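Any value given below was found using the heavy atoms of this structure, including those in side chains, with hydrogens, waters and symmetry copies removed. Source: prediction; values computed, not measured.
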Amino acid sequence: MYSAIHDAIAAWYGAHGRRDLPWRTHRDPYRIWISEIMLQQTQVKTVLERFYFPFLEAFPALADLAAADLDDVLKRWEGLGYYTRARNLHRAAKLCVTSLPQEAAALEALPGIGRSTAHAIAAFAHDAPLPVLDANVKRVLSRFFAREERDERILWQDAYALLDTRRPYMYNQAMMDIGAMLCQSRNVTCNACPLQSGCQGQNDALRYGRAKAKKSVPSRHRALLVLWREGKLGLIRSEERFLHGLWGFMQSPLPLEGRALGSFVHRYTHFHLHATVYEPADAPDDERLVWFDRSEIATLSLSTADHKALALLDALSS
DNA sequence: CAGGCGTGGTC
DNA sequence: TGACCAAGCCT
């Protein structure tokens with residue numbers, strides 16, 4: 001059906017694909033899995049420069065990850081965000097112990113692995129003829145088939161329709177590169193695209209494949225409480241879904257009796273935190289508080305907002 | 001099933 | 001500079 005386009009994609013990937021990415025130079029399911037999870041909603045640059053290699057150095061094989069403490073896994077994930085990914089990675093490793101399943105259906109049954117990631121691992125490690133459907137591929141497909149609406153069911157149909165079942169590894173990697181390099185959300189280079197001969201959206205590319213508009217995010221104004229006891233700083237560990245397992249300052253609504261040390265804004269996906277670092281007049285006696293000195297805190301996993309507060313304290317004390 | 005879930009980057 | 005986006009999954 002699309003054999004000419006498939007050949008063009010293969011030729012393009014051979015000439016322009018990012019084949020030197022470290023998760024593309026081998027077929028090791030474990031390392032491919034780690035890369036796929038890290039890359040979910042995360043830019044290649046971030047994973048490549050800060051997280052992929054240190055994580056694999058700490059946990060070189062599946063058995064190492066399965067045997068690790070969750071706190072150590074979270075520490076290696078610190079700053080990468082979407083921390084549920086780290087917990088699911090750890091849970092999945094414990095479920096597998098020695099090796100990941102080969103079948104896409106079995107992969108998808110593991111925590112943190114959805115349909116697209118299952119297909120990616122199966123295709124990249126085992127040449128399974130299954131399509132990946134990430135943000136890049138969705139954009140390319142939406143334009144190729146001129147889909148104005150973002151309908152998941154249609155996108156999967158389109159993904160299977162265009163898949164090169166003879167070269168699933170090359171095809172899937174190439175489609176992601178084409179989305180990232182040629183068929184970008186705000187910029188397109190149709191003349192260089194191997195899909196151009198069949199692309200129905202090329203004359204009005206930016207009309208297609210746009211993500212749904214997101215609602216504006218609310219602001220929360222909070223005090224981050226600086227609590228001292230015998231020279232140690234009191235922190236609590238999040239037990240809720242948000243930032244679960246990470247340590248941070250106790251928070252309290254404003255206004256509040258006490259002394260403001262500084263403030264900053266931190267933008268989360270679903271709200272903006274307007275934080276005031278605060279020494280309260282009346283220190284709460286909360287049994288969740290654990291007391292750490294500065295060097296102990298460095299071994300904990302904190303969210304970026306709490307690191308901002310910590311940096312503010314460090315600046316004041318120096 | 002729409003919204004929760006982090007961070008860093010772009011324009 | 002606020003909106004948008006980046007190799008999605010889970011509830």
Which atom pairs, one a donor and one an acceptor, fall under 3.5 Å between side chains of residues 3-17 of chain A and the rest of the protein, sequence neighbours left out?
| unit_1 | atom_1 | unit_2 | atom_2 | d |
| --- | --- | --- | --- | --- |
| A:H6 | NE2 | A:L162 | O | 2.6 |
| A:D7 | OD1 | A:R167 | NH2 | 2.9 |

side-chain N/O A:Y268 vs B:dG4 OP1/OP2, d < 4.0 Å:
no
Distance below 4.0 Å between A:K215 side-chain N/O and B:dG3 OP1 or OP2:
yes
Residues 95-143 of chain A vs ring pair (Phe, Tyr, Trp, His ring centres under 6.0 Å), sequence neighbours excluded, gives A:H119-A:W156, A:F124-A:Y169
Given protein heavy atoms under 4.0 Å, the one-letter contact record of nucleotides 5-11 of chain C, with B base, S sugar-phosphate only and - none, is simply SBBBSS-
Return all side-chain donor-acceptor pairs below 3.5 angstrom for residues 278-286 of chain A, not counting sequence neighbours, or 'none' if the list is empty.
| unit_1 | atom_1 | unit_2 | atom_2 | d |
| --- | --- | --- | --- | --- |
| A:Y278 | OH | A:L256 | O | 2.8 |
| A:E279 | OE1 | A:R259 | NH2 | 3.1 |
| A:D286 | OD1 | A:R288 | N | 2.7 |
| A:D286 | OD1 | A:R288 | NE | 3.1 |
| A:D286 | OD2 | A:R288 | NE | 3.3 |
| A:D286 | OD2 | A:R288 | NH2 | 2.9 |

At 4.0 Å (heavy atoms only), tell me whether A:S216 reaches a base, stays on the sugar-phosphate, or touches nothing.
nothing
Looking for any heavy atom pair under 4.0 Å, which part of the strands does A:I37 touch: base, sugar-phosphate only, or nothing?
nothing
Atom CZ of A:F51 and atom C1' of B:dT7: how far apart are they, to the nearest Å?
9 Å
With no hydrogens and no angle check, do the side chains of A:Q40 and A:R85 hold a donor and an acceptor under 3.5 Å apart?
no
Which pairs count as side-chain hydrogen bond (donor to acceptor under 3.5 Å, both in side chains) when at least one residue sits in residues 229-242 of chain A, sequence neighbours excluded?
A:D71-A:R237
Considering only atom C1', compute the distance from C:dC5 to C:dT1 and round it to an integer number of Å.
16 Å
Residue pairs fulfilling ring pair (Phe, Tyr, Trp, His ring centres under 6.0 Å) with at least one residue in residues 177-221 of chain A, sequence neighbours excluded
A:H221-A:H274
